[in-house]
Amino acid sequence: MSPPVLELRDATVVLGGSRVLDSLTLTIRAGEHTAILGPNGAGKSTLIKLLTLQQYPLATPDGAVSIRIFGQDRWNVFELRSQLGIVSADLHDRFVHGNVAGQITARDAVLSGFFASQGVFANHRVTDAMRASASAALGRMGVGHLAAATLDTMSTGEARRVLIARALVHDPKALVLDEPTRGLDLVARHEFMERVRTIAQRGVTILLVTHHADEIIPEIDRVILLRSGRVACDGAKASVLTSSRLGAVFGASLSVDHEGGYYRVHVVDAKTASRDG
């Protein structure tokens with residue numbers, strides 16, 4: 001049996017004097033497609049930074065290990081990134097609007113996934129096998145024809161699909177999607193999530209972090225609601241995505257309906273529930 005993608009035991013993260021994660025305990029198993037949902041400030045981004053080793057939890061009083069990733073509590077960051085693909089709006093901004101804007105092609109962006117870098121540099125040894133894998137990954141995402149184009153010349157949806165190819169180029173065990181459709185229009189958003197569905201169906205564990213319930217694809221069955229750095233609710237999608245539970249977390253009166261495996265949430269009255277509800 002494969003070890004869990006993530007195990008947290010009483011994990012606490014303090015930033016700026018505030019507990020952004022407060023004694024958080026949860027396990028995400030291999031093959032268990034999971035969505036982590038919550039309002040801004042719930043601790044979602046910090047949780048992802050724990051998973052990617054950008055943040056570390058406080059030491060526990062008894063010295064027990066509070067985080068394991070793929071069964072290990074110690075990782076070389078570059079080795080971890082070969083097993084964990086990541087796509088986020090922030091990553092998009094770095095590639096499209098950052099220092100490499102106008103310089104990095106789709107092909108090189110995907111190749112950079114082998115080196116956990118933001119581009120391909122002289123010290124990187126790129127093999128023919130890597131090039132073939134990069135071309136195949138771009139093709140699977142429907143952007144193979146853009147291999148020689150720079151990301152800043154693409155639509156937001158096209159560039160985001162290039163970044164999925166980058167995340168998948170080394171066949172990771174899990175794919176982390178952190179607010180992945182931010183900035184996408186209605187059609188691009190639909191096309192992006194359909195690509196994610198295909199990836200989930202191929203057996204890559206999906207971990208979706210969002211504050212939009214309608215991004216939760218049908219293949220995801222487990223939903224974790226976060227509020228103020230703690231788990232407010234954790235369980236099967238149908239039992240978690242209810243008007244009462246979502247309303248208590250988001251501080252509003254909400255209605256929920258679902259069709260075709262997707263859930264839609266509508267605000268009835270934003271003032272009738274408190275965030276402490």
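Positions are given from 1 along the sequence.
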T153 side-chain N/O to A149 backbone N/O, donor-acceptor pair under 3.5 Å: no

Distance-only side-chain donor-acceptor flag, S135 / R107, under 3.5 Å: no

ILVMFWY network linking V5 to V65, side-chain heavy atoms under 4.5 angstrom: no

Results of salt bridge (Lys or Arg N to Asp or Glu O under 4.0 Å) for D62 - residues two or more places apart only: none

Full working for side-chain contact (heavy atoms from CB on, under 4.5 Å) between L80 and I69: CA-CA 9 Å; L80 175 61; I69 304 170; 3.7 Å; yes

Under 3.5 Å donor-acceptor, R9 side chain and T25 backbone: no

Evaluation steps, side-chain contact (heavy atoms from CB on, under 4.5 Å), between V256 and T242: CA-CA 6 Å; V256 180; T242 66; 5.8 Å; no

CD (E194) with more than 12 external heavy atoms under 6.0 Å: yes

Backbone of R94 reached by a side-chain donor or acceptor of Q118 within 3.5 Å: yes

Sidechain-backbone polar pair: R182 side chain, S88 backbone, donor-acceptor under 3.5 Å: no

Evaluation steps, side chain to side chain donor-acceptor pair (under 3.5 Å), between R166 and S112: CA-CA 7 Å; R166 178 182 184 271; S112 74; 2.9 Å; yes

Any donor-acceptor N/O pair, S133 side chain to A129 backbone, under 3.5 Å: yes

Side-chain donor-acceptor contact under 3.5 Å, E179 with H211: yes

same_hphob_cluster(L8, V14) at 4.5 Å side-chain heavy-atom cutoff: no

Minimum heavy-atom distance between G119 and H124, given as atom pair plus value: O-CE1, 3.7 Å

Exercise: identify the closest heavy-atom pair between A238 and Y263: CA-OH, 3.5 Å

Hphob cluster co-occupancy, L58 + V231, side-chain heavy atoms under 4.5 angstrom: no

Heavy atoms of other groups near H212 NE2, more than 12 under 6.0 Å: yes

side-chain contact (heavy atoms from CB on, under 4.5 Å) between D214 and V265, intermediate numbers included: CA-CA 7 Å; D214 58 359; V265 179; over 6 Å; no

Residues which pass side chain to side chain donor-acceptor pair (under 3.5 Å) with K173, listed by chain and number, not counting sequence neighbours: Q83

Where G183 and T156 come nearest, the two heavy atoms and their spacing: O-CG2, 3.7 Å

In one Ile/Leu/Val/Met/Phe/Trp/Tyr side-chain cluster, 4.5 Å: L138, V126: yes

R245 side-chain N/O to L225 backbone N/O, donor-acceptor pair under 3.5 Å: no

Shortest non-hydrogen separation from T12 to D22 and the atoms involved: OG1-C, 4.0 Å

Atom CZ of R202: over 12 foreign heavy atoms under 6.0 Å: yes

Polar side-chain atom of R160 near backbone of R189 as donor-acceptor pair, under 3.5 Å: no

Minimal non-hydrogen separation, A200 against I217, with atom names: CB-CD1, 4.3 Å

Check: D257/H266 side-chain N/O donor and acceptor closer than 3.5 Å: yes

Side-chain H-bond candidate by donor/acceptor type, E215 with T210, under 3.5 Å: yes

Over all atoms of both residues, closest heavy-atom pair of S66 and T60: CB-CG2, 4.0 Å

Distance-only donor-acceptor check, side chains T205 and R29, under 3.5 Å: no

Worked verdict on R222 versus D234 for salt bridge (charged side-chain N to carboxylate O under 4.0 Å, His left out): CA-CA 7 Å; R222 181 185 178 191; D234 179 1; 2.7 Å; yes

Other residues, nucleotides, ligands: >12 heavy atoms within 6.0 Å of H258 NE2: no

